[in-house]
Amino acid sequence: MVKYEGKVVIALQVNGEAHEVAVRPSDLLLDVLREQLGLTAAKPGCLNGDCGACTIMLDGWPVKSCLMLAVEAEGHVVLTVEGLNGTAPIQKAFVDADAFQCGYCTSGFLMVCHALKTQNPLMPKENIIEEWLQSNLCRCTGYQEIRRAVRLMYEST
Amino acid sequence: MIPFNFIYYRPDSLQEAADIYSTLQSKGQKAVYFAGGSEIITMCRTGSIQPKAVIDIKNIPECGLLSLYNQKLQIGSVCTLNQISESKLFPLMRLACGRIADHTNQCRITLGGNLCGSIIYRETSLPLLLADAEITLYGPEGERTVPLRSVFYQCMQLKPGEMIVQVQIPVWALSARHYHIKKTANEKIDYPLVSVAAICKDSKLRLAFSGICSYPFRSEQMESALNQQTKSFEERVKQAAELLPEPVYADAEGSGEYRLFVFKNTLRQLLEDWDNGKI
């Protein structure tokens, strides 16, 4: 059994690297990624699980890091936009499709799209793409371009 | 950020989890069982609750089962809505899970969390009530397996310190003809004005509802009204609406009058589809 009380050191696997971080059990994964590991791609938005700006991947699935404790990530594989290294097909597709304006939501969309591709290597039906993308909000309303980027991602790989 | 500290426990067994709860309770310290954590984290962040400890039950094997066993489908309480959907084992439940929150949140929200949550809709209860599911609970007094409907009235009626271990669904429900529709006021991802789930058993429709009242429910009286083949759709729907267990729910999403309008239209459509063999 695990018991954490007060400040504790936990091991996290983030972007292929092992890290040790000192956290309170009530610290959110989003805050630990940003403030302790300096991984600022995941953005604080609504902090309520609605906007998706903080989306990361956990064991290959998209997760909103504002709704997860850092201690829960122990033993799991965390991936943020920094871990894509600028080489993921979705990153080029976003550039080619002009799929961002202010860019605040972009990290979250990149991760949800990358997770979509991870779980569905072949182009899924439109309704599946829509279902996944509905998890994230873009207040610049760049949704059509983001949809186009997803198609480009699949067509280019 | 959560503006206070709590102790985090991750037990490996049901006994450990219940013991932790009992020990804390005996000291007058509030503990909460924690699975996906979406609601607990939000409530902690906003100060609605301030537990002394959270007991993360995701490491307990019995709570994570998702498999067919002994002519029943077992779904552990920490299975996420996405895991349940992806398993494709219970089509009606898959439809219900697919309309709760958004897809990314479905990767965190758990069956147990949805059933025990403070948000009134608890839409995973609908397929379970229709399928005569049983539920296994564990607490300081030990384990018990009972029909879900005996412990789910408006919300989960748990004893102090009890947690959901898993639900068991009889196999007939996994292949039964079924229907699910969720009507929202604006966006597809939203709380329901009305959610209706239906399943066919012995050539009769069973129906359960969320959104139309302040709690989810299955009503056998309403089912009887809606299954009266000799009456018109309008008569059946009107009679069913008169049998609602409490006044229609109203909030900013929809007035009671509007919800009732949507409810009646949805039921009528359901009956037409049923009559036309589309279900």
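All values below come from the heavy atoms of this structure, side chains included, with hydrogens, waters and symmetry mates left out. Per chain, numbering begins at 1; letters A, B, ... match sequence-line order.
At a 4.5 Å heavy-atom cutoff, the contact between Trp132(A) and chain B is made by backbone and side-chain atoms alike. With a threshold of 4.5 angstrom between heavy atoms, Val112(A) approaches chain B through side-chain atoms but not through N, CA, C or O. Contacts of Phe4(B) with chain A are made by backbone atoms alone, with heavy-atom separations under 4.5 Å and no side-chain atom involved. Looking at Asn82(B), the atoms closer than 4.5 Å to chain A (heavy atoms on both sides) all sit in the side chain, from C-beta outward. For Ile55(B), no part sits under 4.5 Å from any heavy atom of chain A, backbone or side chain. Heavy atoms of Asn5(B) lying under 4.5 Å from chain A belong to its backbone as well as its side chain. For a residue to count as touching a neighbouring chain, one of its non-hydrogen atoms must lie under 4.5 Å from one of that chain's; by this rule Glu86(B) touches chain A with the side chain only.
For the pair Lys58(B)/Glu72(A), a side-chain contact is recorded, criterion being any heavy-atom separation below 4.5 Å from C-beta on. At least one side-chain heavy atom of Ile2(B) sits less than 4.5 Å from a side-chain heavy atom of Leu28(A). In this structure the side chain of Arg24(A) reaches within 4.5 angstrom of the side chain of Met1(B), judged on heavy atoms.
Using a 4.5 Å cut-off between non-hydrogen atoms, the part of residues 38-52 of chain B that approaches chain A consists of Ser38(B), Ile41(B), Thr42(B), Arg45(B). Using a 4.5 Å heavy-atom cut-off against chain A, the contacting residues of residues 95-117 of chain B are Asp102(B), His103(B), Thr104(B), Asn105(B), Cys107(B), Arg108(B).
When every heavy atom of Tyr8(B) is checked against every heavy atom of Pro25(A), the shortest pair comes out as CB-CB, 3.6 Å. Shown here for Tyr4(A) and Arg10(B), the closest heavy-atom pair between the two residues is CE1-NH2, 4.5 Å.
Heavy atoms from other residues, nucleotides or ligands lying under 6.0 Å from CD of Gln144(A) number 12 at most.
Across Thr55(A), Leu47(A), Asp31(A), the residue that shares the most heavy-atom pairs under 4.5 angstrom with chain B is Leu47(A).
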